[in-house]
Amino acid sequence: MKKCIIIANGKSPSKKVVDYFYSKGFNTIICADGGANSARNLGIIPDFIIGDLDSISSSTLKYFKNKSAIIQIKRQNDTDVEKCLKFAIKKKFDEVVLLGVTGDRLDHTICNLGIVIKFFGKINIYLSAESSFLTSINQTTEFNSKVGETISIYAFDDKTKISSTGLKYKLNNAALPFGVRESTSNVSISEKIILKVKNGIVFVIRDFNFMKKHDLF
């Protein structure tokens, strides 16, 4: 499977986080415009820098000029992260982890969460930010876990139904419409978690450091 990392122009990931995903086979690095500034600060040479190039500093652009493939896409109907995702899909990448997609601007954070839904089914997207790791599912899915892991589950309307096996607070064909009901900070009581999802997309948010410690990714 082809896997890549997209570094966006939000709060920079640490070098250890980038290295971790690189070690898991995400060994093509794409920077979304100003994400290249973060890459430079981390000592990372991206394979591609993609965007309208209004956020990358002139010194960073010059620094990467002969080191990375720089693709300027001026259209404004896509965010820079969307431009990178469309590029990854065109290049037949199967999986991508988004880094640097949260930060000071809540609107950008919400937009990037929406992108996970927008591109669902086109490419398998993971999102890692701070100590959280997000994946999205729309069918029965099994996760490796450890007892005591914190797992939160979010859906978006009352049509989506979720059942769980292996969680302390069991879900039985439950609806979790956003803003009405959530399964925040549920707890694993098993080494296997099974979520059965019908009629919609669900966000599953896990503790990244816990997953890393127990090799659950």
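Computed from a prediction, not measured in an experiment: that's the story for all the values here. Heavy-atom basis, side chains included; hydrogens, waters and symmetry copies ignored.
One finds a salt bridge joining Lys118 and Glu82 here, because a Lys/Arg side-chain nitrogen approaches an Asp/Glu carboxylate oxygen to under 4.0 Å. Salt-bridge annotation for Asp157 and Lys159: absent, with no side-chain N of the basic residue lying under 4.0 Å from a carboxylate O of the acidic one. Between Lys74 and Asp54, no side-chain nitrogen of the basic residue sits less than 4.0 Å from a carboxylate oxygen of the acidic one, so the salt-bridge criterion is not met.
For the pair Val18 and Ile5, the minimum side-chain heavy-atom distance is below 4.5 Å. A heavy-atom distance below 4.5 Å is found between the side chains of Val202 and Val204. You'll find the side chain of Val97 stays beyond 4.5 Å of the side chain of Ile6, heavy atoms only. Using a 4.5 Å heavy-atom threshold, the side chains of Ile137 and Ile201 count as separate. Annotation: side chain of Met211 is in contact with side chain of Glu149 (closest heavy-atom distance under 4.5 Å). Within the 4.5 Å cutoff, side-chain heavy atoms of Leu216 are placed close to those of Arg206. Between Asp47 and Ile30 the shortest side-chain heavy-atom distance does not fall below 4.5 Å. No side-chain heavy atom of Phe143 sits under 4.5 Å from any side-chain heavy atom of Lys192.
With ring centers used as reference points, Tyr126 lies 6.0 Å or more from Phe208.
Between Gly51 and Lys83, the shortest heavy-atom contact is CA-CD, 4.2 Å.
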| request: List the steps, then state whether ring pair (Phe, Tyr, Trp, His ring centres under 6.0 Å) holds for Phe133 with Phe217. | output: CA-CA 10 Å; Phe133 180 85; Phe217 179 68; 5.2 Å; yes
| Passes ring pair (Phe, Tyr, Trp, His ring centres under 6.0 Å), Phe93 versus Phe26? Steps please. | CA-CA 10 Å; Phe93 282 91; Phe26 292 80; 9.8 Å; no
| request: Before giving the answer on salt bridge (charged side-chain N to carboxylate O under 4.0 Å, His left out), spell out for Asp78 and Lys86 the whole-Å C-alpha distance, their side-chain angles and the decisive distance to 0.1 Å. | output: CA-CA 10 Å; Asp78 294 332; Lys86 288 182 176 180; 3.0 Å; yes
| message | Under the criterion ring pair (Phe, Tyr, Trp, His ring centres under 6.0 Å), I'd like the reasoning laid out for Phe203 against Phe156: C-alpha separation, chi angles, the key distance, then a yes or no. | response | CA-CA 9 Å; Phe203 281 173; Phe156 301 95; 5.0 Å; yes
| said: For Glu130 and Lys11: C-alpha separation, side-chain torsions, deciding distance, then whether salt bridge (charged side-chain N to carboxylate O under 4.0 Å, His left out) applies. | reply: CA-CA 9 Å; Glu130 304 295 335; Lys11 185 174 181 179; 3.0 Å; yes
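In this structure, a donor-acceptor pair under 3.5 Å is absent between the side chains of Ser38 and Asn41.
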